[in-house]
Amino acid sequence: MFFLLSLCLVLTGCGKIPPPRSEFVLGTIGTVNLYQGGTAQLYDTIFSRFREIEGAMSSHLEDTEVVKINRSAGIMPVQAGRDLITVLSTALRYAELSGGAFDPTVGPLVKLWGIGTENARIPEEGEIREALGLVNWRDVIIDEEAGTVFLRKPGMELDLGAIAKGYAADEAAEIIRKAGLPGAVIDLGGNIYALGTKRSGTPWRIAVQDPRNERGTYIGILEVRQKTVVTSGVYERFLEAGGRRYHHILSTADGYPADTGLLSVTVIADTSIDADALSTALFALGYESGRALVDSLENIEALFVFQDLSVRGYPGALETFTLTSGQYRLVR
Ligand code: ADP
Ligand code: MG
């Protein structure tokens with residue numbers, strides 16, 4: 001009996017360790033791998049937390065807090081839970097830091113373009129102007145004490161697509177940390193949190209998506225311990241029309257997909273909410289202004305991939321990066 005039991009502990013294949021879990025959540029495929037520390041219960045806890053966050057922050061699902069706030073824009077404040085208040089406050093901070101290039105009130109523009117949906121189309125100039133008039137993070141009023149959110153103008157709409165997955169990854173990381181697991185990987189559609197280290201104690205190797213190719217092809221590898229790695233780029237969702245490609249990160253300056261000479265930005269940070277917001281913000285800002293934003297923050301590394309296929313790191317991201325694709329070149 002003792003022999004059998006210890007054999008089971010050695011041969012982890014006794015069927016006790018559940019495989020990694022993948023589900024469609026937060027508008028993407030979410031995969032969590034808890035390795036040897038995984039239990040069905042822990043996976044359940046993490047995925048219900050994802051659903052809870054999605055249930056508050058989605059702008060598509062029925063009657064989420066965000067949907068209710070959008071519906072009451074210009075009319076009245078709406079009750080919001082701790083999760084939403086936290087995410088929205090952080091979003092407003094990045095809106096300010098990025099001079100509005102990142103803006104959680106981008107909803108009317110996102111809906112107009114519909115990129116990534118069946119209704120994707122190139123809008124008329126007038127429509128873009130009208131939608132742009134509704135985009136302004138300064139018109140979001142959070143009442144911390146009352147626990148409410150109010151959008152000042154009718155027609156305004158929150159869209160937390162550029163930040164909610166990062167928050168969800170942080171929340172999952174917290175659950176895993178509390179459970180005392182030595183290492184785990186959370187992947188929410190490329191929004192990655194690599195907790196601890198591998199069992200061997202070696203760093204995690206995170207592939208950086210090739211922005212010109214399908215999901216799963218990569219330009220190189222980042223080696224990290226206890227870090228989150230988040231990429232924003234032109235590959236994720238786009239509309240092809242008239243020989244041009246229109247991607248899903250929109251410029252709050254002109255209402256068109258942001259064209260700053262970049263194909264993607266990858267941010268390496270300690271918290272995923274920051275990495276998620278920043279990868280979008282840096283992409284929208286471009287390299288020069290992006291670097292200035294990174295300089296104003298601590299413990300942020302960014303990898304910029306340019307349309308001319310050059311790759312730059314800032315300030316030190318290249319130190320942990322190995323280029324593997326022959327099509328790209330490093331510029332130090
Ligand atoms: P993904 O979530 O696809 O991995 P991002 O984190 O960069 O990529 O988020 C892009 C999403 O953020 C868009 O689909 C849209 O919902 C929203 N968005 C688009 N432009 C902006 C912007 N300028 N500021 C904030 N959010 C934006
Ligand atoms: Mg983002």
Side-chain angles (χ1 to χ4, degrees), residues 25-30 53-54 57-61 66 70 87-88 90-117 119-120 128 131-132 134-137 140 156-170 186-193 208-209 211 215 228-239 246-260 262-269 271-286 289-290 293 300 302 304-305:
V25 68
L26 289 153
T28 191
I29 297 169
I53 292 166
E54 180 178 41
M57 289 179 218
S58 166
S59 26
H60 320 288
L61 295 182
V66 162
N70 291 348
V87 170
L88 194 52
T90 308
L92 293 181
R93 185 155 55 81
Y94 281 106
E96 183 162 24
L97 284 171
S98 67
F102 175 97
D103 192 324
T105 67
V106 75
L109 264 183
V110 173
K111 287 249 169 88
L112 187 59
W113 282 89
I115 291 173
T117 73
N119 309 319
I128 290 183
L132 263 182
L134 295 167
V135 179
N136 189 352
W137 60 275
V140 179
M156 278 181 77
E157 285 183 56
L158 295 176
D159 180 314
L160 299 174
I163 190 168
K165 290 199 291 286
Y167 178 70
D170 286 338
I186 303 152
D187 180 351
L188 290 169
N191 194 310
I192 293 164
Y193 202 137
V208 178
Q209 167 74 34
R215 183 160 274 287
T228 177
V229 176
V230 180
T231 301
S232 280
V234 299
Y235 61 91
E236 191 61 29
R237 299 166 211 258
F238 52 82
L239 156 72
Y246 298 87
H247 63 79
H248 73 318
I249 300 167
L250 302 170
S251 160
T252 53
D254 64 16
Y256 282 82
D259 185 0
T260 52
L262 294 169
L263 290 176
S264 71
V265 178
T266 299
V267 172
I268 305 131
T271 41
S272 212
I273 189 170
D274 296 289
D276 194 6
L278 272 171
S279 64
T280 310
L282 296 180
F283 185 95
L285 281 171
S289 313
L293 174 52
I300 302 294
F304 295 84
V305 181

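Because the structure is a prediction, the values reported are computed rather than measured. We count ligands from 1, going down the list as the structure has it; atoms in each ligand are counted the same way. Excluded from the calculations below are hydrogen atoms, water molecules and symmetry mates; all remaining heavy atoms, backbone and side chain alike, are included. Residue numbers start at 1 and run along the sequence shown.
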Presence of N, O or S from V230 under 2.8 Å of the Mg ion (ligand 2) = no
message = Quick check on contacts: which atoms of ligand 1 are under 4.0 angstrom from a heavy atom of D276?
response = 6 (O)
message = Need the ligand 1 atom indices (1-based, order shown) with element for anything under 4.0 Å from a heavy-atom of V106.
response = 18 (N), 21 (C), 26 (N), 27 (C)
request  = Check whether any side-chain N or O of D170 sits under 3.5 Å from a backbone N or O of S272 as a donor-acceptor pair, and report yes or no.
outcome  = yes
query = Would you say T252 and ligand 1 have an N/O pair spaced under 3.5 Å apart?
reply = no
request  = Determine yes or no for a side-chain-to-main-chain donor-acceptor pair under 3.5 angstrom, with H247 supplying the side chain and A258 the backbone.
outcome  = yes
ask   = Can any side-chain N or O of D103 pair as donor or acceptor with the backbone N or O of A95 at less than 3.5 Å?
value = no
request  = Look at atom 7 (O) of ligand 1 and say which protein heavy atom is nearest, naming residue and atom and giving the distance to 0.1 Å.
outcome  = S232 OG, 2.6 Å
task = Identify, for atom 5 (P) of ligand 1, the protein heavy atom at the shortest distance, and state residue, atom and that distance.
result = T280 OG1, 3.3 Å
key: Donor-acceptor contact present, side-chain T280 to main-chain I163, <3.5 Å   = no
request  = Verify, without hydrogens or angle tests, whether T271 (side chain) and I273 (backbone) share a donor-acceptor contact under 3.5 angstrom.
outcome  = no
ask   = What's the verdict on side chain to side chain donor-acceptor pair (under 3.5 Å) for Y94 and D274, showing C-alpha distance, side-chain angles and the deciding distance?
value = CA-CA 9 Å; Y94 281 106; D274 296 289; 2.5 Å; yes
inquiry  = Regarding N191, does it place an N, O or S atom less than 2.8 Å from the Mg ion (ligand 2)?
reply    = no
ask   = Just distances here: any N/O of L250 and N/O of ligand 1 closer than 3.5 Å?
value = yes
inquiry  = For a 4.5 angstrom cut-off between non-hydrogen side-chain atoms, does F304 reach L262?
reply    = yes
task = Determine yes or no for a side-chain-to-main-chain donor-acceptor pair under 3.5 angstrom, with E54 supplying the side chain and L26 the backbone.
result = yes
key: Atom indices of ligand 1, in the order listed, that fall short of 4.0 Å to a heavy atom of I249   = 7 (O), 19 (C), 20 (N)
message = Please list the nearest protein heavy atom to atom 4 (O) of ligand 1 with its residue and the distance rounded to 0.1 Å.
response = K165 NZ, 3.8 Å
query = Is the backbone N or O of D276 less than 3.5 Å from a side-chain atom of S279, with the two atoms forming a donor-acceptor pair by type?
reply = yes
message = Treating T105 as the side-chain partner and N136 as the backbone partner, does any N or O pair qualify as donor plus acceptor under 3.5 Å?
response = yes
query = Of the protein's non-hydrogen atoms, which lies at the shortest distance from atom 3 (O) of ligand 1, and what is that distance?
reply = H248 NE2, 2.8 Å
task = Tell me which protein heavy atom sits closest to atom 26 (N) of ligand 1, plus the residue, atom name and distance to 0.1 Å.
result = A162 CB, 3.5 Å
query = Which bit of A101 is near ligand 1, meaning a heavy atom under 4.0 Å away: side chain, backbone, both or neither?
reply = backbone
message = Applying a heavy-atom cut-off of 4.0 Å, say which part of D103 lies close to ligand 1: side chain, backbone, both or neither.
response = backbone
inquiry  = Angle at the Mg ion (ligand 2), OD1 of D276 to O of A162, rounded to 10 degrees, please.
reply    = 80°
note = Looking only at protein heavy atoms, what sits closest to atom 17 (C) of ligand 1 is D159 OD1, 3.8 Å
query = Just distances here: any N/O of G161 and N/O of ligand 1 closer than 3.5 Å?
reply = yes
key: Full working for side chain to side chain donor-acceptor pair (under 3.5 Å) between T231 and S264   = CA-CA 7 Å; T231 301; S264 71; over 6 Å; no
